[in-house]
Engineer: 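Can you read through this structure? Questions will come right after.
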Amino acid sequence: MKTGPLSGFPEWLPEQRIVEQALLDTLRRQFELFGFAPIETRAVEPLEVLTQKGATDKEIYVLSRLHADEGEGDKGLGLHFDLTVPFARYVAQHRGKLAFPFKRYQIQKVWRGERPQKGRYREFYQADIDVIGQETLSIQHDADMVRVLHSVMGALPVGAVTIHINNRKVLEGIYRALGVEDVVPVLRTVDKLDKIGPEKVREELAELGLAPGAIDTVLAAGEIRGADEGVVEAIRALGVSHPILDEGLDELGFVLRACADLPAGSVVADLHIARGLDYYTGTVYEGLLDDEPGLGAVCSGGRYDNLAAMGGKAKLPGVGVSIGISRLLGQAFAQDSLVASRQTPTCVLVALDNDERRAAAQVAASALRARGIACEVFDRPQKYGKQIKYADSKGIPFVWFCGDAGAADTVKDIRSGEQVEATADTWQPPAEDLHPRVLRR
RNA sequence: GUGGGUGUAGCUCAGUUGGUUAGAGCGCCGGUUUGUGGUACCGGAUGUCGUGGGUUCAAGUCCCAUCUCCCACCCCA
């Protein structure tokens, strides 16, 4: 059998999966604290849903049966490449049973058939929250997204994250005022300011047919950043005007005011953040690690007005963000900055004295488990040294010895070597040893 | 899809201008230690040298093809 890694399909060791699960638990708790309801959608969607207008042209993994009968025809199913498109389909489908504004969180694997590289995988977790309204959705939700992101990212052991926000209408208004017909290519180019620098961006804009004067304004706008409403004034000072620009500035100003109480530096308006996805219509978000900006966005999202208008006339505007939990983990594992305190849930290894005493060992183990203490009984009566070594190799903190012939049981903390008498019905490990912990270093 | 790199033990790697039976460290297993680990010492196992072809008396080493993985572009979490 052929073994070996598949590029872009990461598999973690138990101690890494423990970290991953801990972070997923944190996300779930945080999302629920903000009132988002859980859903899960199927892993596959009809290709026509995945490739609908507004979706990205991601490379989609198509599903087919190995021994499909001749003439069975292609059912046209593909694995989802994000959670927003399936969610839009879900909302349109269950519209009658949902209460709006509908807030949901969804933590699932997604698949993209792209070339993998650092921070980018073909199979990875996305953790999404979205709010979706009927006909309209309050701008308040745009601001709330920043608040949730700030809270969630702060709860993850990944260091400081700066959330960059912008509003597509602001950029679109400016570009239209400058006479640009097709704004999306300009947005994509400006989005690369950080990466390739203003001179390269200038060249690319010129290739798109922008006049030198217009390019100056586009670049000047792209350079604007700030944490408060000063950015709105700075944009007005560019001297362009357009109805869409006014709308965008109102929204951006609202979001900045609504987030004014968050700690300084956590949120910044950044006028070159555009996001490549073409379905965003208003506020856009992009979170970067302060320590590792080169990793790319670790959370991102935006407002969309049309995406969920699937199969009906009703308009379902929404706003949502996605957290790149796999990207964060890949980075953390690569630099060994997140580790589990042990590589198994087991808190106590019950040593096996001899074959006659298996029953006694099981009784002790059951008593511990009944009180929520994870334990396992060693499988054969080897020398105690071997059994302790097994516990040590997995990071199991305690070894339990059943007392012989009426003697008391004892439990040994193998880190300190301390061994004390104990009763399986009452003994309690320190709270920090009950479950594996995530350690940051 | 485009470009560049890579491939030898479970892991990290060495292997001379082609030349006997392919090595080291770590890890693993056993022992010193007749049930209480981590250190130390002693011993042991492990390879289709990515794969297929070719050149040669002789290929891990040279040539061709192919695959894999890594990095960058595109785009994105």
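Because only heavy atoms are used, hydrogens play no part in the values below, and waters and symmetry mates are left out as well, while side chains stay in. Reminder, nothing fancy here: chain letters follow the sequence lines and each chain counts from 1. Computed from a predicted structure; not experimentally measured.
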Engineer: Between A:L295 (CG) and B:rC76 (P), how many Å, whole number?
Structural biologist: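 Between P of B:rC76 and CG of A:L295: 16 Å.
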Engineer: Using whole Å, what does the distance between atom P of nucleotide B:rU68 and atom CZ of A:F9 come to?
Structural biologist: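 A:F9 atom CZ is separated from B:rU68 atom P by 12 Å.
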Engineer: At 4.0 Å (heavy atoms only), tell me whether A:S300 reaches a base, stays on the sugar-phosphate, or touches nothing.
Structural biologist: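 It contacts sugar-phosphate atoms only.
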Engineer: Let me know, please, whether A:Q382 or A:Q126 comes out on the 5' side of the other along RNA chain B by nearest nucleotide.
Structural biologist: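 Nearer the 5' end of the strand: A:Q382.
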Engineer: Can you confirm if the NZ or CZ of A:R122 lies within 45° of the ring axis of A:F81 and under 6.0 Å from the centre of its six-membered ring?
Structural biologist: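 The answer is no, since A:R122 fails at least one limit relative to A:F81.
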Engineer: In whole angstrom, give the distance that lies between atom CZ of A:R115 and atom P of B:rC69.
Structural biologist: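 Result: 10 Å.
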Engineer: Using the ring of A:Y280 (Phe, Tyr or Trp, six-membered ring only), decide whether A:R303 places NZ or CZ under 6.0 Å from its centre and within 45 degrees of its axis.
Structural biologist: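 No, a cation-pi geometry is absent between A:R303 and A:Y280.
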Engineer: For B:rC13 and B:rG50, measure between their P atoms and round to the nearest Å.
Structural biologist: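 Nearest-Å result for B:rC13 against B:rG50 at atom P: 15 Å.
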Engineer: Below 4.0 angstrom from OP1 or OP2 of B:rG31, is there any side-chain N or O of A:K386?
Structural biologist: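 Answer is yes, contact under 4.0 Å.
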Engineer: Count the heavy atoms belonging to other residues, nucleotides or ligands that lie under 6.0 Å from CD of A:E432, then report whether that count exceeds 12.
Structural biologist: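 Yes, the 6.0 Å shell around CD holds more than 12 heavy atoms from other groups.
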Engineer: Any sub-3.5 Å donor-acceptor pair from A:T189's side-chain atoms to A:V201's backbone N or O?
Structural biologist: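 It does not hold such a pair.
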Engineer: Between A:C299 and A:L352, just flag the one whose closest nucleotide in RNA chain B comes earlier from the 5' side.
Structural biologist: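 Result of the comparison: A:L352.
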Engineer: Determine the sole option in A:V399, A:V411, A:D413, A:T410 for which the side-chain contact (heavy atoms from CB on, under 4.5 Å) test with A:Q419 is passed.
Structural biologist: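 Single pass found, and it is A:T410.
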Engineer: Using atom C1' of each nucleotide, how far apart are B:rG27 and B:rC69 to the nearest Å?
Structural biologist: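 Straight-line distance between the two C1' atoms is 23 Å.
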Engineer: Working note: A:L439 + A:L338, criterion side-chain contact (heavy atoms from CB on, under 4.5 Å); need CA distance, chi angles, decisive distance, verdict.
Structural biologist: CA-CA 6 Å; A:L439 308 175; A:L338 287 184; over 6 Å; no
Engineer: Can you tell me if the side-chain N/O atoms of A:Q117 get under 4.0 Å from OP1 or OP2 in B:rC71?
Structural biologist: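 No, A:Q117 has no side-chain N/O under 4.0 Å of OP1/OP2 on B:rC71.
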Engineer: With respect to the phosphate group of B:rG37, does any side-chain polar atom (N or O) of A:S393 fall under 4.0 Å of OP1 or OP2?
Structural biologist: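 Answer no for this pair, as no side-chain N or O of A:S393 is under 4.0 Å from OP1 or OP2.
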Engineer: Answer yes or no: is there a side-chain heavy-atom contact under 4.5 Å between A:E204 and A:I215?
Structural biologist: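 Result no, sub-4.5 Å side-chain heavy-atom pair not found.
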Engineer: Check whether any side-chain N or O of A:D270 sits under 3.5 Å from a backbone N or O of A:I273 as a donor-acceptor pair, and report yes or no.
Structural biologist: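 Side chain of A:D270 to backbone of A:I273, a donor-acceptor pair under 3.5 Å: no, none is there.
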Engineer: Any base atoms under 4.0 Å from A:G296, or only sugar-phosphate, or nothing? Heavy atoms, all strands.
Structural biologist: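 Here A:G296 touches no strand at all.
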Engineer: Using the C1' atom in both, what is the distance from B:rU20 to B:rU12, to the nearest Å?
Structural biologist: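 So the two C1' atoms sit 29 Å from each other.
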Engineer: Starting at OH of A:Y121 and ending at P of B:rC69, how long is that distance when rounded to a whole Å?
Structural biologist: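 So the OH-P distance, A:Y121 to B:rC69, works out to 15 Å.
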Engineer: For a quick check of understanding: with a heavy-atom distance under 4.0 Å over all strands, which category does A:K192 fall into, base, sugar-phosphate or nothing?
Structural biologist: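 Sugar-phosphate, backbone atoms only, no base.
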Engineer: Given the P atoms of B:rA65 and B:rU6, what is the spacing between them in whole Å?
Structural biologist: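 Taking atom P in both B:rA65 and B:rU6, they lie 16 Å apart.
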Engineer: Rounded to the nearest Å, what distance is computed from the CD1 atom of residue A:I60 to the P atom of nucleotide B:rC76?
Structural biologist: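 It works out to 14 Å between those atoms.
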Engineer: When you get a sec, tell me which of B:rC71, B:rU36, B:rU2 is the closest nucleotide to the side chain of A:K118?
Structural biologist: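 Nearest nucleotide to the side chain: B:rC71.
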Engineer: Any base atoms under 4.0 Å from A:F401, or only sugar-phosphate, or nothing? Heavy atoms, all strands.
Structural biologist: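 Base, at least one base heavy atom under 4.0 Å.
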Engineer: A:L328 vs A:F333, test: side-chain contact (heavy atoms from CB on, under 4.5 Å). Steps then yes/no.
Structural biologist: CA-CA 9 Å; A:L328 286 166; A:F333 293 153; over 6 Å; no
Engineer: Using the P atom as the reference point in each nucleotide, state the distance between B:rC41 and B:rG4 in Å, no decimals.
Structural biologist: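 Per the computed distance, 49 Å lies between those P atoms.
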Engineer: In whole Å, I'd like the distance from the CG atom of A:L349 to the C1' atom of B:rU36.
Structural biologist: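 Value for this atom pair: 12 Å.
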Engineer: Can you establish whether the number of heavy atoms outside A:R28 located under 6.0 Å from its atom CZ is more than 12?
Structural biologist: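 No, CZ of A:R28 has 12 or fewer neighbouring heavy atoms, counting only those of other groups under 6.0 Å.
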Engineer: In whole Å, I'd like the distance from the CG atom of A:D128 to the C1' atom of B:rC76.
Structural biologist: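 Roughly 13 Å, once rounded to whole Å.
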Engineer: Would you measure the distance from the C1' atom in B:rU2 across to the matching atom in B:rG54 and give it in whole Å?
Structural biologist: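 It comes out at 30 Å once rounded to the nearest Å.
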Engineer: In terms of side-chain heavy atoms of A:I388, which of B:rU36, B:rU33, B:rC76 is nearest?
Structural biologist: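 Nearest to the side-chain atoms of A:I388, counting from C-beta on, is B:rU36.
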Engineer: Can you check salt bridge (Lys or Arg N to Asp or Glu O under 4.0 Å) on A:E32 and A:R29, steps first, answer last?
Structural biologist: CA-CA 5 Å; A:E32 295 189 350; A:R29 266 198 313 278; over 6 Å; no
Engineer: For B:rC71 versus B:rU33, give the span between their P atoms, rounded off to a whole number of Å.
Structural biologist: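 Result for the P pair: 50 Å, nearest Å.
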Engineer: For B:rA72 and B:rA58, measure between their P atoms and round to the nearest Å.
Structural biologist: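 My reading of the P atoms in B:rA72 and B:rA58 gives 44 Å.
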Engineer: Roughly how many Å is it from CG in A:D413 to P in B:rG37, rounded to a whole number?
Structural biologist: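 The distance from CG of A:D413 to P of B:rG37 comes to 15 Å, rounded to the nearest Å.
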Engineer: Show me, range against range, the stems involving RNA chain B, built from at least 3 consecutive Watson-Crick or G-U pairs below 3.5 Å.
Structural biologist: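 B:1-5 with B:69-73, B:10-13 with B:23-26, B:28-32 with B:40-44, B:50-54 with B:62-66 - these are the stems of 3 or more pairs that involve RNA chain B.
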Engineer: Determine whether any donor atom in the side chain of A:R327 lies under 3.5 Å from an acceptor atom in the base of B:rC76, or the reverse, and answer yes or no.
Structural biologist: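 Indeed, a donor on one side and an acceptor on the other fall under 3.5 Å apart.
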Engineer: Would the base of B:rU36 count as contacting A:Q419 through its side chain, where contact means a donor and an acceptor less than 3.5 Å apart?
Structural biologist: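 Indeed there is one.
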Engineer: Heavy atoms only, 4.0 Å cut-off, all strands: where does A:Y390 land among base, sugar-phosphate and nothing?
Structural biologist: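 Counting heavy atoms under 4.0 Å across all strands, no contact is made by A:Y390.
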Engineer: Strictly under 4.0 angstrom, non-hydrogen atoms only: write out the protein contact profile of nucleotides 38-48 of chain B, one letter per nucleotide from the 5' end, B, S or -.
Structural biologist: B----------
Engineer: Considering non-hydrogen atoms only, spot the tightest contact between A:E15 and A:A340 and give its length.
Structural biologist: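 For A:E15 versus A:A340, the nearest heavy atoms are O-CB, 3.3 Å.
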Engineer: Contact class for A:L6 vs. all strands (heavy atom < 4.0 Å): base, sugar-phosphate, or nothing?
Structural biologist: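 Answer is sugar-phosphate: A:L6 comes under 4.0 Å of backbone atoms only.
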Engineer: Nearest to the side chain of A:P5 - B:rG37, B:rC73, B:rC69?
Structural biologist: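 Nearest listed nucleotide: B:rC69.
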